[in-house]
A.B. asks: 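After the structure tokens below, expect a handful of questions from me.
Throughout, numbering of the chain's residues begins at 1 and tracks the sequence.
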Amino acid sequence: MGFDLPAYFRKFVLTPKMKTMKKLAFILAIFITGCTSVMKLDQQKAKDLVEALEQKINSGDYAGTTQYYDEVMNRNQTPEQRAENFRKLRAAVGDFVSMECTSIKNGTDENDMPCVNLVYKIKHTKINTIESFTVIRNEGGYKVSVHDIIQG
């Protein structure tokens, strides 16, 4: 009264073609795993980029900041608009005193591309700010794709 399986289910044999496919799947899995670790961005390079950007902002060289932002941020805001916004910000928060990196993490951006997220606590003469940055690999180098500033 038992249930008997058809003959083709009783003995599962890997054909040479199936063995080749198994090897290819294994090699592909190793390749994908290796690529994801290679794609991580260097946190120190990202930190150096953000600190160089902050030095440009603090020196008043607002036109020079365009080299640190990615093409999307540069398209969304002209150098003149960015300079005016930084002048208004400086008038509100005062002169730069010091900065401290409070967080640095590898992650992915909204396009699922590797990025480094950094958060800085920046002291000014009037009020302090917390600035967050997202750094991506773009145009052959590292660029800031997000720069948010809040009162801290």
Side-chain angles (χ1 to χ4, degrees), residues 12 14-152:
F12 185 73
L14 287 177
T15 65
K17 187 176 182 180
M18 293 173 82
K19 287 180 182 178
T20 303
M21 293 299 289
K22 184 178 176 183
K23 288 178 185 175
L24 284 174
F26 181 72
I27 291 170
L28 183 64
I30 289 174
F31 178 74
I32 290 173
T33 304
C35 285
T36 56
S37 65
V38 170
M39 292 179 67
K40 281 189 176 181
L41 300 183
D42 184 349
Q43 290 182 348
Q44 187 60 48
K45 285 183 182 178
K47 189 175 179 184
D48 292 344
L49 175 83
V50 167
E51 291 175 2
L53 170 63
E54 281 295 326
Q55 286 178 353
K56 283 281 187 191
I57 293 169
N58 297 329
S59 70
D61 182 9
Y62 306 125
T65 62
T66 58
Q67 67 181 325
Y68 297 99
Y69 290 111
D70 73 343
E71 64 182 76
V72 175
M73 285 194 67
N74 285 327
R75 243 191 346 250
N76 291 337
Q77 195 175 45
T78 66
E80 295 79 23
Q81 291 171 326
R82 184 173 290 125
E84 184 59 31
N85 288 340
F86 281 134
R87 281 188 206 97
K88 289 178 183 176
L89 177 67
R90 189 175 205 157
V93 299
D95 292 331
F96 173 84
V97 175
S98 67
M99 63 189 283
E100 172 191 2
C101 183
T102 59
S103 173
I104 183 167
K105 296 178 187 173
N106 282 88
T108 55
D109 65 4
E110 65 276 354
N111 297 321
D112 215 22
M113 296 301 292
C115 69
V116 178
N117 297 306
L118 302 104
V119 178
Y120 280 84
K121 184 185 258 185
I122 302 180
K123 294 183 181 182
H124 300 274
T125 52
K126 294 181 183 176
I127 61 172
N128 297 333
T129 59
I130 297 174
E131 299 189 25
S132 59
F133 301 86
T134 299
V135 176
I136 61 171
R137 185 176 291 130
N138 189 0
E139 302 171 4
Y142 285 27
K143 301 287 182 175
V144 174
S145 66
V146 176
H147 182 183
D148 292 325
I149 304 170
I150 59 172
Q151 184 177 347

A.B. asks: Heavy atoms only: give me the nearest V93-H124 pair and the separation to one decimal.
C.D. replies: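 Minimum heavy-atom separation between V93 and H124: O-CB, 3.0 Å.
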
A.B. asks: Search all heavy atoms of G94 against all heavy atoms of T125 and return the closest pair with its distance.
C.D. replies: CA-OG1, 3.2 Å

A.B. asks: Between D70 and M73, is there a side-chain heavy-atom distance shorter than 4.5 Å?
C.D. replies: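 Yes, side chains in contact.
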
A.B. asks: Tell me every residue that passes side-chain contact (heavy atoms from CB on, under 4.5 Å) with E71, counting only those two or more places apart in sequence or in another chain.
C.D. replies: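 Expected list: R75, N138, E139.
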
A.B. asks: Passes side-chain contact (heavy atoms from CB on, under 4.5 Å), L53 versus F133? Steps please.
C.D. replies: CA-CA 11 Å; L53 170 63; F133 301 86; 3.9 Å; yes

A.B. asks: Distance alone, cut at 3.5 Å: any donor-acceptor contact between the side chains of Q81 and N85?
C.D. replies: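 Side chains of Q81 and N85: no pair found under 3.5 Å.
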
A.B. asks: Which pairs, with at least one residue in residues 49-64 and sequence neighbours excluded, count as a salt bridge (Lys or Arg N to Asp or Glu O under 4.0 Å)?
C.D. replies: K56-D61

A.B. asks: Could you list all the salt bridge (Lys or Arg N to Asp or Glu O under 4.0 Å) pairs where at least one residue sits in residues 105-124, not counting sequence neighbours?
C.D. replies: none

A.B. asks: Return each pair, listed once, that meets ring pair (Phe, Tyr, Trp, His ring centres under 6.0 Å) where at least one residue sits in residues 81-118; pairs must be two or more places apart or across chains.
C.D. replies: Y62-F86

A.B. asks: Check whether any side-chain N or O of N106 sits under 3.5 Å from a backbone N or O of P114 as a donor-acceptor pair, and report yes or no.
C.D. replies: no

A.B. asks: Going from CG on N117 to OG1 on T108, what distance comes out if it is rounded to the nearest 0.5 angstrom?
C.D. replies: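 Interatomic distance, N117 CG to T108 OG1, rounded to 0.5 Å: 8.5 Å.
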
A.B. asks: Identify every side-chain donor-acceptor pair in residues 143-150 under 3.5 Å, counting partners at least two apart or on other chains, and give the distances.
C.D. replies:
{"residue": "K143", "atom": "NZ", "partner": "Q67", "partner atom": "O", "Å": "2.7"}
{"residue": "S145", "atom": "OG", "partner": "T134", "partner atom": "O", "Å": "3.4"}
{"residue": "H147", "atom": "ND1", "partner": "Y69", "partner atom": "OH", "Å": "2.7"}
{"residue": "H147", "atom": "NE2", "partner": "E131", "partner atom": "OE1", "Å": "2.8"}

A.B. asks: If I take atom OG1 from residue T129 and atom CG from residue L89, how far apart are they, to the nearest 0.5 angstrom?
C.D. replies: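 Rounded to the nearest 0.5 Å, the OG1-CG separation comes to 7.0 Å.
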
A.B. asks: So do the side chains of I136 and M113 get within less than 4.5 Å of each other, counting heavy atoms only?
C.D. replies: no

A.B. asks: How many angstroms lie between atom CD1 of I57 and atom CD1 of I122, to the nearest 0.5 angstrom?
C.D. replies: 7.5 Å

A.B. asks: In sequence, state the C-alpha distance, the side-chain angles, and the governing distance for R82 and T65, and then conclude on side-chain contact (heavy atoms from CB on, under 4.5 Å).
C.D. replies: CA-CA 9 Å; R82 184 173 290 125; T65 62; 3.3 Å; yes

A.B. asks: Name all residues meeting the salt bridge (charged side-chain N to carboxylate O under 4.0 Å, His left out) criterion together with R90; count only those two or more places apart in sequence or in a different chain, and write none if there are none.
C.D. replies: D95

A.B. asks: Hey, are the side chains of K47 and Y120 touching, using non-hydrogen atoms and a 4.5 Å cut-off?
C.D. replies: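 Heavy-atom side-chain distance check passes, below 4.5 Å.
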
A.B. asks: Please evaluate residues D48 and Y142 with respect to the criterion side-chain contact (heavy atoms from CB on, under 4.5 Å), reporting the C-alpha separation (whole Å), side-chain torsions for both, the decisive distance (0.1 Å), and the verdict.
C.D. replies: CA-CA 10 Å; D48 292 344; Y142 285 27; over 6 Å; no

